Every structure is written in C-alpha cells, then in structure tokens.
A.B. asks: 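Following this message is one structure expressed as structure tokens.
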Amino acid sequence: MTLTLAIPCHDDAPGLARLLRGAAPMGCVSHVVVVDDGSPSPLDPGWISAESGLAPGRLTLLRNDTPTGPGTARNRALAHVPTPHLLFVDADDLVTPELPDLMADLAGRDFDFCIFRHHDTRMAQDRIWGQMPWDQALWEAAGLAAGALMPVDAEAATQLAQTANYPWNKLYRTDFLREYGIGCSDIPLHEDVELHWRSFLHARAILASDRIGVVHYVAPRGSRMTNQRGPDRLALFAPLETLARDVAPTPLALPFFRFALGLCLWIRGALDPAHHAALADHVARFLEAIPPEVRAQLASADPGLIAAINGLIARG
Amino acid sequence: MTGRAEALNSQLDTLRSGTSAGDIAPDQSLFSPGITLHGDPAARLLGRWISPAGRLLELDVTPRHAGDWLALHVALDPGALTGATWIGFTCRSAAPDQIMVRPCLRSGGADGFTDCFFPRHILSLPEVLNHADAIHLPSTPEVPPQAPWRELLFFLPCADTAWHLHDLRLFAA
C-alpha cells in the first residue's frame, strides 16, 4: 500500500527539502505532489530531487504564480494525486518512521480516512513526544488513546472531531475526498476547518492510530499563518455557516458548535483589537445558526463557553 | 549487535518485523517462537492479540473464571548470561487502562525453577512510557549462575487486561 504526499509550499524550499529527505526513502511514499504557492523564487524540480533524493519520476511540481493560500493549493494538489491514498503535509512538517508501519497496518483495511497522533513541537519543552494535552484528552475521552489501529465508532467520532482541525493527521482514501467533493475552503486562514469536519460528516469507515506519524512545527512568533492578526481570519465565517447547516441535523452538531464557539474565542485572542467589533457581529450571526435544542444542550454542557461568547459579543 | 545481544533479541526481532494476530488460547498462546502468554488454566482465558507493524504485541485478555496468574514469557538463550554481570531490559509500553506489570527473571533447575523479580514494577498508561531495569547478578545470589533454561516474564493482572508492548530490548553485559 502506497500513498502520495500532497504539499503546499510558499517560500520554504529548505523546509520542503528537509521533509522530502525524510520521506523519500520510505517505500510507502510512492509519489509527491508539491504546489509551489507563489514563492518569490520558483521551486526547481531538479533542485528538489538533488536536495531530497526523491527521484524525478516520483515528483509532480505545480506552480501558482500568485499565492492562493494553503487551502487552495491543497485542493489543486488533490486533483493531481495518482495513488489511492494521500496525506496532506505542510512543507515545514516532518514525517516520522512510524508512517511506514501505519501504512503496513492499513494494508487490506477498508477505510475513508485514518486519523493518527502527531508530535507538536511545543511539547518538546516538557520532553514529551506527542500532541497537545487538550487533543490528547479528546483521544482518551474517545477511548482511543492506545492502539496501533482501532475502528472509530460514531460516539468516538464526536470526540475526535473536536481535536485541532489539522489536515496532516489524516491519511485519506483519495476517492473518498473526490466522491464527496471534500477539500479545503478557499480562504487564507482556517482553511482546514471544512476539510476536517466534512471528513467526519461523510466518512463511513474511520480508523484511528496512536502512532505519531507527523511532527508539526509551531513557532510562537513570526510571520507564519498561525500568528496572523488581521481581518483575513473573519473569512472563516462563510464556510463555518455552511458547515453549520449541514452538521446541525447530525450527531456531530453539539461537538461542532462547541468547537466553533471555542474557535471564535481563540480568534478573538489572536485578532488585532481593531477587528473585534466585526468579529462580534460575525459571532452574533453565527449563533443564530445554532438550532435551539443544540443551544440548550450547549448551555447545559458548557455554560462557561456560552457566557464567554456572550461576553465577546457584548464587548464587541 | 554483538553476539550476546543478538542471541537475546533475535526472537523479538522476528515478532517486531512482521504483522500477525490471533485469538488468546485458554491457557497458553504462542505469538512467535519463544514468546508465549501463559495463564492459570483455571482462568480459561479469552481475548485477542495483535502484533502491529514495527511493534511487538497488543494483548487484550479476559479470564472466564478467577485465576491466580497471567504472564508473558520471553525465552532467553541461557548461554547469553554466562559470565555476565548485568541482565536487563528496556521497553516501551502502554495500556488503555492503567496497569502495573511485574518483570521477573526465571531460571530453570532440577527441581523446577527460581524466580527473581526485577527491582521496579512497570507502570503502563494510555500514554506510551519508557521503562528500564536491570539485575546486578553478582549481588543477586538467588539467580543461579548456570541454568538449563531462562525466561524473562512479565506478570500481568489475571483480570480483564489490555497491555501494549511496543518495544522490548534485552541486554546482558
């Protein structure tokens, strides 16, 4: 069983080379699709092969002349994936030696996606190899904290769906994404929220693995997307409102709205105060999309969250 | 790997390098040559075992009746300890529900066997943990210097038990 790595890359040739140097020798990685998302210096396929050891025949390099953002770049990469399975990774991520073992365990298994654990570099300061405590707690609540490969039932899915909405901790069946038209939102930030939730919404067979398959690099400061404080973050509300309509009648409703409101609070902390009033308007409108019965469940399950959201709206 | 380390670890390498699975037998399950699970026959064990790729074992055991003991046995090359000062191991393990595992060196003899427990229990949690322990042989006279056979045992609770042994490496020096 082999897979394609689908990688958006904006001005990070050294990171891409580092990622591919680790992935190229892995027999399970048969192909790599890189979308050069408007890097000032276009990526050169010969340089990538020379730096990473990836044979030219295993690489598809596409280019957007102007940056489109990682979501649009991922969607473009998906259209060129030649294998039955794929993994989205970012250029500054690393794949670990557990990835081939996970692929070996998945051979012959029927699944739409397999979610696996990752290492977040923020944990390294505590000498812990693993993900952030809140994500780990959700895996434990799902009863899936230990096991090389486990089926995810509907109840466990409601827990795992609340983990950070990363694209690179899920190994996908390519046709699953294509059949349901699942992809990232065409927005500059939070583009992976829709990919994450639509995956849980449509999947008929989900597997989970406690293997740490990817290292995710988090920089506390700098110009990375995570640290952006501008109004681009508010573009999230368009896909969020569409998702709300589709998720509302399903068992994922409560976890989705809980997640979404938590994300609103996180965005307020990350956003420049000049945009707080606009955020409050978006959040107020979004609250109207929550069905009354789900709102009652939320108020009962998490009164602190609702109070914080009301405070966000009131303060503007 | 040196000859001594290779002799101690080759059976584990076989299990680690492949993938396999099966049902737990009522009293004795063989996972790979030299690696077995033994349970009190009175317990009439049930369950499943898996050897995932790159890992050793995931055990999920349920006794049908009350029993007194349950242990994973790893056969050791008895010659590998000849002249050694230390016998020890490192391992990585996890358990969906917290358990304590007690490692033990068992040495065969004319009248049966002698058990010598390692100083520390293994704590296994949902989070994968490393563990290392060793026996200093010159100061542990209960370990016979010569034995026709030896085993490393991991005593598990003889109850509904799930234990994941990701890795195990043995050494003698």
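Here the structure is a predicted model, which means the values were calculated and not measured. All chains are named by letter (A, B, ...) in the order of the sequence lines, taking the proteins before the strands, and each is independently numbered beginning at 1.
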A.B. asks: Take a 6.0 Å sphere around CG of B:D23 and say whether it holds more than 12 heavy atoms from other residues, nucleotides or ligands.
C.D. replies: yes
A.B. asks: Write down the atom of A:A146, the atom of B:P126, and the distance for their closest heavy-atom approach.
C.D. replies: CB-O, 4.0 Å
A.B. asks: Give a yes or no on this: more than 12 heavy atoms of other residues, nucleotides or ligands lie within 6.0 Å of atom CD of A:E155.
C.D. replies: no
A.B. asks: Among A:E98, A:E140, A:R211, who wins on heavy-atom pairs under 4.5 Å with chain B?
C.D. replies: A:R211
A.B. asks: Taking C-beta and beyond as the side chain, do A:D210 and B:H166 meet within less than 4.5 Å on heavy atoms?
C.D. replies: yes
A.B. asks: Checking heavy atoms, do the side chain of A:Q136, its backbone, both or neither come under 4.5 Å from chain B?
C.D. replies: neither
A.B. asks: Check whether B:A162 gets within reach of chain A through its side chain, its backbone, both or neither, counting any heavy atom under 4.5 Å.
C.D. replies: neither
